[in-house]
A.B. asks: 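Here it is, the structure in full.
All values below come from the heavy atoms of this structure, side chains included, with hydrogens, waters and symmetry mates left out.
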Protein chains: 2
Amino acid sequence: MDASSLTIAPGAPEPIYRQIVEQVRRLIAGGQLPPGELMPSVREVAGFHAINPMTVSRAYSLLEGEGLLERLRGTGMAVAQSARSARPEAERMSLIEPRLHELARAARELELPASRVLRRLDQLLENGE
Amino acid sequence: MDASSLTIAPGAPEPIYRQIVEQVRRLIAGGQLPPGELMPSVREVAGFHAINPMTVSRAYSLLEGEGLLERLRGTGMAVAQSARSARPEAERMSLIEPRLHELARAARELELPASRVLRRLDQLLENGE
DNA sequence: CCATGTGTATCAATACAACAATACACATGG
DNA sequence: CCATGTGTATTGTTGTATTGATACACATGG
């Protein structure tokens with residue numbers, strides 16, 4: 001994987017290390033990051049996105065704690081061979097459940113018609129924009 | 001409005017005062033809180049949800065700053081007469097745009113089929129559960 | 001063998017949220 | 001009139017989280 005493939009928004013309210021953790025978590029569960037895949041080094045990511053190496057390290061450590069990454073001493077971090085990657089659809093769905101609930105609640109409070117919300121989301125999912 | 005109508009999750013990562021602000025913002029934009037509607041007192045909300053009155057006051061003050069609430073001295077806070085309430089659909093949609101983008105991105109990284117995501121969201125929007 | 005590249009332990013700086021305890025100015029309403 | 005109920009300013013404390021700077025241990029590979 002490349003450092004430029006990571007999407008990071010330094011200005012977002014969501015802390016940087018968590019942005020990384022959740023993104024990598026999803027890419028592994030989705031199968032886009034297969035076991036054995038080497039991750040970009042902490043300094044590489046940090047340099048590219050102008051953030052602190054320790055922030056990246058923290059993200060990697062958390063992912064290691066989850067068993068998703070493994071440390072190759074002297075080499076870097078890689079997607080763990082034992083990582084539960086390319087998970088079944090139902091399990092991947094569960095990862096966006098909280099977001100779905102929040103969205104539904106917000107839409108309800110705004111009295112937005114379901115059709116309208118669904119149409120817009122469909123648009124974003126298909127076209128990506 | 002009643003203090004019990006406010007949904008507050010003290011354990012959530014989202015700070016309490018912002019939970020209140022955004023919720024009220026949406027309820028006004030959606031028209032469920034019409035101009036003139038009296039808000040529950042800070043002590044009432046604080047007592048019901050076991051939080052600090054100053055935390056509620058902070059939320060109310062921010063909403064006053066946005067022109068959504070107005071202070072009725074000696075009485076409490078009410079939805080401002082000048083509040084832009086019951087906004088047109090397009091404007092209400094814009095309030096959930098960020099959430100929609102995040103959701104779409106997460107779904108994409110998880111390689112989830114659009115149909116599945118849309119079906120689940122539809123379920124939550126219609127049944128509320 | 002040792003320069004170079006890994007990750008990270010450690011400590012510090014900062015910011016933020018929430019709570020706590022008052023005290024205050026003000027309007028209502030019996 | 002004045003007890004009662006508004007919101008709020010103030011000050012301080014606590015807990016937590018995030019980020020950052022530095023130094024370190026370690027393995028690789030020419």
A.B. asks: For C:dA17 and B:Thr55 - does any side-chain N or O of the residue sit under 4.0 Å from the phosphate oxygens OP1/OP2?
C.D. replies: no
A.B. asks: Look through every strand shown and name the nucleotide pairing with C:dT10 as Watson-Crick or G-U wobble, where both distances are under 3.5 Å.
C.D. replies: D:dA21
A.B. asks: Can you tell me the pairing partner of C:dA17 across any strand shown, Watson-Crick or G-U wobble, with both distances under 3.5 angstrom?
C.D. replies: D:dT14
A.B. asks: Specify the residue among A:Gly74 and A:Arg58 whose closest nucleotide of DNA chain C lies further upstream toward the 5′ end.
C.D. replies: A:Gly74
A.B. asks: Quick check on C:dT6: is either OP1 or OP2 less than 4.0 Å from any side-chain nitrogen or oxygen of A:Ser41?
C.D. replies: yes
A.B. asks: If you round to the nearest 0.5 Å, how far is CE of A:Met93 from CG of A:Leu100?
C.D. replies: 5.5 Å
A.B. asks: A:Ser61 side chain N/O closer than 4.0 Å to the phosphate oxygens (OP1, OP2) of C:dG7?
C.D. replies: no
A.B. asks: Which comes earlier along DNA chain D counting from the 5' end, the contact point of A:Ala50 or that of B:Leu72, where each point is its nearest nucleotide?
C.D. replies: B:Leu72
A.B. asks: Please tell me which of the listed nucleotides, D:dG7, C:dA21, C:dA9, lies nearest to the side chain of A:Met54?
C.D. replies: C:dA9
A.B. asks: Could you tell me the separation between the CD1 atom of A:Ile8 and the C1' atom of D:dT19, rounded to a whole number of Å?
C.D. replies: 14 Å
A.B. asks: Let me know the distance between OH of B:Tyr17 and P of C:dA18, rounded to the nearest Å.
C.D. replies: 7 Å
A.B. asks: Provide, to the nearest angstrom, the distance between the CZ atom belonging to A:Arg71 and the P atom belonging to D:dC26.
C.D. replies: 11 Å
A.B. asks: Same cluster or not: B:Ile20 versus B:Phe48, using hydrophobic residues (I, L, V, M, F, W, Y) connected whenever any side-chain heavy atoms lie under 4.5 Å apart?
C.D. replies: no
A.B. asks: How long is the line joining CZ of A:Arg73 and P of D:dC24, in whole Å?
C.D. replies: 21 Å
A.B. asks: Over all strands shown, is A:Glu64 touching base, sugar-phosphate only, or nothing at heavy-atom distances under 4.0 angstrom?
C.D. replies: sugar-phosphate
A.B. asks: What contact category does A:Glu14 fall into here, base, sugar-phosphate, or nothing, at under 4.0 angstrom with non-hydrogen atoms?
C.D. replies: nothing
A.B. asks: Would you mind classifying the nucleic acid contact of A:Ser57 as base, sugar-phosphate or nothing, using non-hydrogen atoms under 4.0 angstrom?
C.D. replies: base
A.B. asks: Indicate, with yes or no, if B:Leu95 and B:Leu63 share a hydrophobic cluster defined by side-chain heavy-atom contacts under 4.5 Å among Ile, Leu, Val, Met, Phe, Trp and Tyr.
C.D. replies: no
A.B. asks: In the structure shown, which nucleotide is the Watson-Crick or G-U wobble counterpart of C:dT28, with both distances under 3.5 Å?
C.D. replies: D:dA3
A.B. asks: Please classify the nucleic acid contact of A:Ile16 as base, sugar-phosphate, or nothing, using heavy-atom distances under 4.0 Å.
C.D. replies: sugar-phosphate
A.B. asks: Nearest whole Å is fine: how far is C:dG5 C1' from A:Leu38 CG?
C.D. replies: 12 Å
A.B. asks: Do B:Arg43 and D:dG7 have a side chain to base donor-acceptor pair shorter than 3.5 Å?
C.D. replies: yes
A.B. asks: Under the criterion salt bridge (charged side-chain N to carboxylate O under 4.0 Å, His left out), I'd like the reasoning laid out for B:Arg84 against B:Glu91: C-alpha separation, chi angles, the key distance, then a yes or no.
C.D. replies: CA-CA 11 Å; B:Arg84 298 160 54 93; B:Glu91 187 174 330; 3.6 Å; yes
A.B. asks: Any base atoms under 4.0 Å from A:Met77, or only sugar-phosphate, or nothing? Heavy atoms, all strands.
C.D. replies: sugar-phosphate
A.B. asks: Expressed in angstrom and rounded to an integer, what is the separation of B:Leu69 atom CG from D:dG7 atom P?
C.D. replies: 11 Å
A.B. asks: How many whole angstroms separate atom CZ of B:Arg18 from atom C1' of C:dA17?
C.D. replies: 10 Å
A.B. asks: I would like to know whether A:Arg105 and A:His101 meet side chain to side chain contact (heavy atoms under 4.5 Å, CB included); could you show each step before the answer?
C.D. replies: CA-CA 6 Å; A:Arg105 189 163 89 85; A:His101 275 87; over 6 Å; no
A.B. asks: So that I can tick it off, tell me whether B:Glu111 and A:Arg92 are bridged by a salt bridge, with the cut-off set at under 4.0 angstrom between side-chain N and carboxylate O.
C.D. replies: no
A.B. asks: In whole angstrom, what separates B:Asn52's CG from D:dT11's C1'?
C.D. replies: 13 Å
